[in-house]
Novice: 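Let me begin by handing over the structure; questions about it come next.
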Number of protein chains: 2
Amino acid sequence: MTSAPLAEAAAGTSPEPAHERVHRALRRRILHGELAPGQPVTLRGLAAALGVSMTPAREAVRRLTAERALETTPTGRVLAPVKSAEALAELLAARALLEPELAARAAARADAALVARLRSHDDAVEAALAAGDAATYVRANTAFHATLYAAARAPALMALVESVWLQLNPSMRILNGRAGTAGLADHHEQAMAACARRDGTAAAAAVLADIRQAEALIAGGG
Amino acid sequence: MTSAPLAEAAAGTSPEPAHERVHRALRRRILHGELAPGQPVTLRGLAAALGVSMTPAREAVRRLTAERALETTPTGRVLAPVKSAEALAELLAARALLEPELAARAAARADAALVARLRSHDDAVEAALAAGDAATYVRANTAFHATLYAAARAPALMALVESVWLQLNPSMRILNGRAGTAGLADHHEQAMAACARRDGTAAAAAVLADIRQAEALIAGGG
DNA sequence: TCCGGCGTTTTGTGATCACAAATCCATGTG
DNA sequence: CACATGGATTTGTGATCACAAAACGCCGGA
């Protein structure tokens, strides 16, 4: 197997370790909500799927479990965690504490290019919402927030928020699947307007409202 | 050569994996500030120090790097991260966002036993401060906060805060080494009083003041 | 005294293997 | 028809190995 060491060796510029590639691939799947809660992740299966041996697969899984994106049972089995309603509420509380700060910092550094990228992601959000495509919605919504916060240039805070998303997104997919109502993008609009004005306070308020809306959705959906 | 599989096998109740033991041991060292920033951590060295092979050592290191407690250079070397002043400020900002919430939740659930445990840890803090023992101070101070927040029963928030501590503590040791001033425990006193009264707001305020003091310390120390 | 080059040693990486435990599934029994 | 029980299979774990690259130290020259 893995008879082909991949053509990227020809590029020469990026001798990326295999375990990092596995980590990013699995992380992306989780962040996009493609991994259902409770779904097991086997080392051999993951390794075979990406054409590597068990060792880098194990390293990638360990990293994700450290980020709480995966869960290890007492017997060593690894699976996407099933979050209780209380756990989801706690994660949303964490978002409510962290993300407004990130939004405020981002808005203070915003420029036209950022607003344009945000607009592009928000269009995708609304399109997915209209089409009832839950998976695409989660991906686009995450991309919107990630793009906004990246402008804050606060890597440590960003890492904390991403850890929360990794825990939240698998469950969000199911949640949004049954709550495909409209009008969810209003706060995105406010956030973009705040960025255009470099208004950090308004951006923080918009993001907080966005999160509060998600909280209400969970509380309502039970 | 790990000739002795440890007597814990006799207990029978906990067949704990080796990689978890390595992870906890290394994590404890980092949390206690025993690992100086920039100090390298070699896989073989770590494995030999704990009597295991490279594989579990590698897994433990991966977990810690995922928690941002360790850093990987482009060449694969692993070392305790050297934080810039901006990075430290960002981490303290994260503490200021998260810990007051945890303190408020903890105070609402506080009982006499908790206050007693906090008192015990705070005594150790003041003793270490008086003795100028930086390492013990970091350990006792962390134990005080950890004990308080554990009462909040918010595991996800707690995990985020612990990740911040892991990044902060190695640098804190150096910082406190040169700033051994007195009167630092006042906010701990206020926090314990707030817990005794079940006053969440006051507990949050006390913790926030504690963190602001640390921020001022860093800003002053430059 | 400082600096560049070269060989040795150290180090991370990924694959493979043996082993024990857990899981799964089918079968038989009440 | 529900449920326990048996064995076959899957799975995580930890050790070991070969390999390439990086780090280190030494030495000679300017």
Side-chain angles (χ1 to χ4, degrees), chain A residues 1-26 35 38-66 69-82, chain B residues 1-6 8-26 35-36 38-66 69-82:
Chain A
M1 326 335 169
T2 163
S3 55
L6 286 188
E8 64 179 319
T13 56
S14 62
E16 187 193 38
H19 66 84
E20 201 151 345
R21 187 165 56 92
V22 176
H23 173 256
R24 198 176 43 231
L26 187 51
L35 206 60
Q39 183 172 340
V41 176
T42 69
L43 262 29
R44 285 175 177 84
L46 181 63
L50 280 87
V52 297
S53 88
M54 288 180 57
T55 309
R58 223 192 306 190
E59 297 179 56
V61 164
R62 292 282 177 254
R63 284 175 65 175
L64 268 330
T65 56
L70 293 174
E71 202 176 67
T72 306
T73 73
T75 68
R77 296 290 289 273
V78 174
L79 39 81
V82 184
Chain B
M1 311 254 290
T2 167
S3 55
L6 286 187
E8 65 180 321
T13 55
S14 61
E16 186 194 36
H19 66 85
E20 201 151 346
R21 185 166 57 90
V22 176
H23 172 256
R24 197 175 43 231
L26 187 51
L35 206 59
Q39 182 170 341
V41 176
T42 70
L43 261 31
R44 285 174 177 86
L46 181 63
L50 279 87
V52 297
S53 88
M54 286 182 57
T55 309
R58 223 190 310 188
E59 298 178 56
V61 164
R62 292 282 177 253
R63 285 174 64 175
L64 267 331
T65 55
L70 292 175
E71 201 176 67
T72 306
T73 72
T75 68
R77 297 289 291 273
V78 175
L79 38 82
V82 183

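Naming: A, B, ... by sequence-line order, numbering from 1 per chain. A quick note: this is a predicted structure, and the numbers were derived from the prediction, not measured.
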Novice: Please report, rounded to the nearest Å, how far the P atom of dT11(C) is from the CG atom of L70(B).
Specialist: 16 Å
Novice: Could you work out, with salt bridge (Lys or Arg N to Asp or Glu O under 4.0 Å) as the rule, every residue matching R63(B), not counting sequence neighbours?
Specialist: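 Testing R63(B) for salt bridge (Lys or Arg N to Asp or Glu O under 4.0 Å), a comparison that skips the adjacent residues, returns none.
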Novice: Scan for salt bridge (Lys or Arg N to Asp or Glu O under 4.0 Å) pairs involving residues 44-56 of chain B, sequence neighbours excluded, and state none if there are none.
Specialist: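 Salt bridge (Lys or Arg N to Asp or Glu O under 4.0 Å) check on residues 44-56 of chain B returns no pairs.
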Novice: Report the C-alpha separation of H23(B) and L64(B) in whole Å, then their side-chain angles, then the decisive distance to 0.1 Å, and conclude whether the side chain to side chain contact (heavy atoms under 4.5 Å, CB included) test is met.
Specialist: CA-CA 7 Å; H23(B) 172 256; L64(B) 267 331; 3.4 Å; yes
Novice: The criterion is side chain to side chain contact (heavy atoms under 4.5 Å, CB included); which residues satisfy it with A80(A), sequence neighbours excluded?
Specialist: L35(A)
Novice: Among all residues two or more places apart in sequence or in another chain, which pass the side chain to side chain contact (heavy atoms under 4.5 Å, CB included) test with P17(B)?
Specialist: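 Per chain and number, P17(B) pairs via side chain to side chain contact (heavy atoms under 4.5 Å, CB included) with H19(B), E20(B).
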Novice: For residues 46-61 of chain A, dump all side-chain donor-acceptor pairs below 3.5 Å to protein atoms at least two apart in sequence or in another chain.
Specialist:
| residue | atom | partner | partner atom | Å |
| --- | --- | --- | --- | --- |
| S53(A) | OG | T55(A) | N | 3.3 |
| R58(A) | NH1 | E59(B) | OE2 | 3.4 |
| E59(A) | OE1 | R62(B) | NE | 2.4 |
| E59(A) | OE1 | R62(B) | NH2 | 2.9 |
| E59(A) | OE2 | R58(B) | NH1 | 3.4 |

Novice: Please list, pair by pair, any protein nitrogen or oxygen found under 3.5 Å from a nitrogen or oxygen in nucleotides 12-14 of chain D.
Specialist:
| residue | atom | partner | partner atom | Å |
| --- | --- | --- | --- | --- |
| dG12(D) | OP1 | L43(A) | N | 3.4 |
| dG12(D) | OP2 | L43(A) | N | 2.9 |
| dG12(D) | N7 | R44(A) | NH1 | 2.8 |
| dG12(D) | O6 | R44(A) | NH2 | 3.1 |
| dT13(D) | OP2 | R62(A) | NH2 | 2.4 |
| dG14(D) | OP1 | A18(B) | N | 2.3 |
| dG14(D) | N7 | R58(A) | NH1 | 2.9 |
| dG14(D) | N7 | R58(A) | NH2 | 3.1 |
| dG14(D) | O6 | R58(A) | NH2 | 3.3 |

Novice: Using the test salt bridge (Lys or Arg N to Asp or Glu O under 4.0 Å), find all partners of R77(A) that sit at least two apart in sequence or belong to another chain.
Specialist: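 For R77(A), no residue satisfies salt bridge (Lys or Arg N to Asp or Glu O under 4.0 Å) once neighbours in sequence are set aside.
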Novice: Please round to 10 degrees the angle between the axis of the first five pairs and the axis of the last five pairs in the helix from dT1(C)-dA30(D) to dG30(C)-dC1(D).
Specialist: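 That helix gives 30° between its end axes.
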Novice: I'd like to check the side chain to side chain donor-acceptor pair (under 3.5 Å) partners of T75(B); sequence neighbours left out, ordered by chain and number.
Specialist: T73(B)
